[in-house]
Structures are given as C-alpha cells and as structure tokens.
Amino acid sequence: MSRNACLPDDIEALKSLVIAQRAVILERDLLIDKLRVQLLRLKRLQFGRSSEQLDTQIAQLELTLEELEASDTQIQTALPVTAAARPQRKKPARRPLPPHLPRETVTHAAACACPGCGGNLRYIGEDVAEVLERVPARFKVVRHVRPKFSCTGCQSIVQAAAPSRPIARGMAGPGLLAQVLVAKYTDHLPLYRQSEIYAGDGVDLDRSTLADWVGQCSALLAPLVDAVKAHVLAGAKLHGDDTPVPVLCPGKGTTRQGRLWTYVRDDRPAASDIAPAVWFVYSPDRKGKHPQDHLAKFCGTLQADGYAGFNGLYERAEN
C-alpha cells in the first residue's frame, strides 16, 4: 500500500495535518539546536577542566542528539508531507570521499540497441557516482609450515627457523594485538566488551587473556617510548602541560584523579623539518616533583602555564 493512501482527501484536513507536522518538527529542531549549544559549551569547559561528571553529561548529550537526529530522519522518510512542511535547515556539506581508499568499479551496461527504435548506440560519456562501503573486519588463521628434511649423508635434520612473534609462544599476530590496544586506549572499549564482540565472530578470547596481551605489549613497546622520550628531550624548546585523568581504584568501584603529563616538541612554526612528537607520562598525583624528575636532563626552553610545580625548573635554570 502506498504511503499516500492513508492521507485524507479533504483539503482542510490535509492543511491541518501539515500544520501539526510543522509544529512538531519545529519543536524538535529547536530541541536539537539547544542540545548542540549545550554540548558545545560542555566541550569547551572540558578543555579547561575535566571531570567524570562532565564526561558523563557530554556522553548523555551525544546519545540524546543521536536519537533525535535519527528519529528526525525516520520521520522525513515515513511521512511524505514532512518534506514540504519542513522549514529549510542548513545541512552539512558533503565531503568528498578520501582518495586513499581503494576503489571498486561496478559497470552497469545499457541495452545493446536503442529501446525506442532499435538503432545502434554510440558511446558519448558516462555518469559516475561513488558510494562509501565498509568491508567487515574478519579473523583469519595464518599457518606457519616449516618442512623438515633429513640429510642422506649425515642424517642431520634441516629445517627453517621459526618466525619471531610479538609475544613469545603467543597465538596473537601483530594485527590482532594492534586492534586490541587501539580499541582499548583510543576507542575506550574495555577488554570485557572486546571479548564479547570477538565471541560474536566465534572466537573465544577471555578478558584475562586480552589483559595478558596488553601487559606484554606494554613491555614490548617500552623501547619505542624511550625513543620518543629521547627525541622530545633532544629539542631546544618544549611545551609542557598536564591534564587530569580518572583512574579506577581496584576493588572499591570508585575512581581517583591521576595526572597525565604531556611534553611536546614541535618546531614546524619555525620552518623546521624535524618530526614533531609528544611524550606522555603518567603520575598518580600533581606534585611538582614529577615535572622536575621528567625534565631533569632537559636543557632548553620550557613553555608552560603558571602551575607552581614548574617553578623548580625555572629556579634551576636561573641558578
């Protein structure tokens, strides 16, 4: 049945329907705009100070906006009158699809002859439309086969050496380990949720197993952290700052406030071609001894805010 079949035939009834829809849509648009302003204001506050309560409010607003905008689109699709009744609202400009993505071409061939008169067709051009698609992530098992050979002369066994693994005798490949780390620390996806997601693909990975991988990867990446630290501290100018970070208290079900110190080396504004980098250091509190310990061997210019914890570094420079 057509969606228009349920609409009334009376003109006055149709006008009343349009007016009612317009009132509902205007009310939803005002609510969406109001929530967007509130969200923007909270994010600006978060830039200056962060708290668990503020993060929760931002997350709730984001979810509310998602639901409103999704249902708003659903209304437009379901009700044909809505498009005409809806006041025009500025839509975000459609961005071109990233050029680095691989392209798959699907050619839709036309008829071999003119459907009207049966005459021959000649090529005059084509229309191209791009659609963004996603290939779902999938697991695979890589089998490392090492044939063994026996020498006919001395009876010794000859076999290729076993390839190295990120984790000794571990079953996880580098791609899977990278996915676990990025999902945990960048996408903020806890390990128990990752375990549930992987189980949906038929792969059972216990949370304790994932936690063991994270710990071993931390030790594996320690030399890289040291290299970043050395590169940052080798600069003649640093930008230093710190930000609060909530830390779970095991067994208590609460959080305490830790600190994440950032030291940035970036001389691109001075036309330098040296790669910029940032060194992150965690501390359980904000005591001034932490930046003094971090920059004990640094010799150069430090740009930081008025936090008193940096004063010891400036006093050392003056002496």
Side-chain angles (χ1 to χ4, degrees), residues 55 59 62 95 97-106 130-151 156-234 243 245-248 250 255 258 260-266 274-283:
D55 293 340
E62 293 276 15
R95 302 176 183 175
L97 297 179
H100 68 274
L101 296 179
R103 257 63 177 177
E104 176 184 339
T105 301
V106 179
E130 292 190 334
V131 176
L132 185 63
E133 187 57 278
R134 174 174 171 79
V135 179
R138 60 186 178 88
F139 287 94
K140 69 176 181 179
V141 178
V142 179
R143 300 177 68 245
H144 294 277
V145 180
R146 297 184 295 137
K148 294 192 295 184
F149 301 91
S150 174
C151 177
S156 60
I157 303 298
V158 179
Q159 186 180 31
S164 62
R165 304 186 186 185
I167 297 177
R169 298 182 298 277
M171 67 173 181
L176 176 56
L177 293 175
Q179 165 62 28
V180 172
L181 293 176
V182 170
K184 175 176 174 58
Y185 292 108
T186 302
D187 301 333
H188 307 290
L189 194 62
L191 295 179
Y192 76 90
R193 291 183 181 173
Q194 293 191 51
S195 178
E196 295 172 351
I197 293 174
Y198 302 148
D201 289 332
V203 180
D204 293 327
L205 295 175
D206 294 335
R207 181 197 54 78
S208 58
T209 299
L210 298 177
D212 182 65
W213 290 354
V214 170
Q216 296 196 54
C217 285
S218 299
L220 185 66
L221 294 173
L224 180 59
V225 175
D226 293 338
V228 172
K229 172 185 175 181
H231 175 72
V232 169
L233 297 183
T243 184
V245 55
V247 182
L248 289 174
T255 61
L260 196 62
W261 303 85
T262 58
Y263 303 101
V264 180
R265 177 184 181 181
D266 188 0
I274 298 178
V278 56
W279 174 42
F280 295 92
V281 193
Y282 167 78
S283 68

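Count residues from 1 along the sequence. Side-chain atoms are counted along with the backbone in the values below, which use heavy atoms only and exclude waters and symmetry mates.
Taking CG of Asp206 as the reference point, atom OH of Tyr198 lies at 13.5 Å (rounded to 0.5 Å). Distance check, rounded to the nearest 0.5 Å: CZ of Arg207 to CZ of Arg193 gives 14.0 Å. For the atom pair CH2 of Trp213 and CG of Leu177, the computed distance is 6.5 Å after rounding to the nearest 0.5 Å. The CD atom of Glu130 sits 9.5 Å away from atom CG of Leu101, with the distance rounded to the nearest 0.5 Å. For the atom pair CD1 of Ile274 and CG of Asp266, the computed distance is 11.0 Å after rounding to the nearest 0.5 Å. Here Asp204 contributes atom CG and Ser195 contributes atom OG; the two are 7.5 Å apart, rounded to the nearest 0.5 Å.
Residues Leu191 and Leu210 approach most closely at O-CD1, 3.5 Å, considering heavy atoms. Residues Trp261 and Ser283 share a closest heavy-atom pair of NE1-OG, 2.7 Å. Between Pro166 and Leu220, the shortest heavy-atom contact is O-CD2, 3.6 Å. Shown here for Tyr282 and Val247, the closest heavy-atom pair between the two residues is OH-CG2, 3.5 Å.
Donor-acceptor pairing under 3.5 Å is lacking for the side chains of Thr262 and Trp279.
Annotation: side chain of Phe139 is in contact with side chain of Leu176 (closest heavy-atom distance under 4.5 Å). For the pair Val232 and Val278, the minimum side-chain heavy-atom distance is 4.5 Å or more. Residues Leu205 and Val180 form no side-chain contact, since every pair of their non-hydrogen atoms from C-beta on lies 4.5 Å or further apart. Arg103 places a side-chain heavy atom less than 4.5 Å from the side chain of Leu97.
Side-chain atoms of Ser218 come within 3.5 Å of backbone N or O of Val214 as a donor-acceptor pair. Using a distance-only test at 3.5 Å, with no hydrogens or angles considered, a donor-acceptor pair links the side chain of Gln159 to the main chain of Arg146. At distances below 3.5 Å, not a single donor-acceptor pair connects side-chain atoms of Arg265 with backbone N or O atoms of Ala277. In terms of modelled atom types and a separation under 3.5 Å, the side chain of His231 and the main chain of Ala275 share a donor-acceptor contact. Remark: the backbone N or O of Leu189 is paired with a side-chain donor or acceptor of Gln194 at under 3.5 angstrom.
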Criterion side-chain contact (heavy atoms from CB on, under 4.5 Å) on Val106 and Glu104, from CA distance to verdict: CA-CA 7 Å; Val106 179; Glu104 176 184 339; 4.3 Å; yes

Step by step, would you call Phe280 with Tyr263 a ring-ring contact (aromatic ring centres under 6.0 Å, His included)? CA-CA 7 Å; Phe280 295 92; Tyr263 303 101; 9.6 Å; no

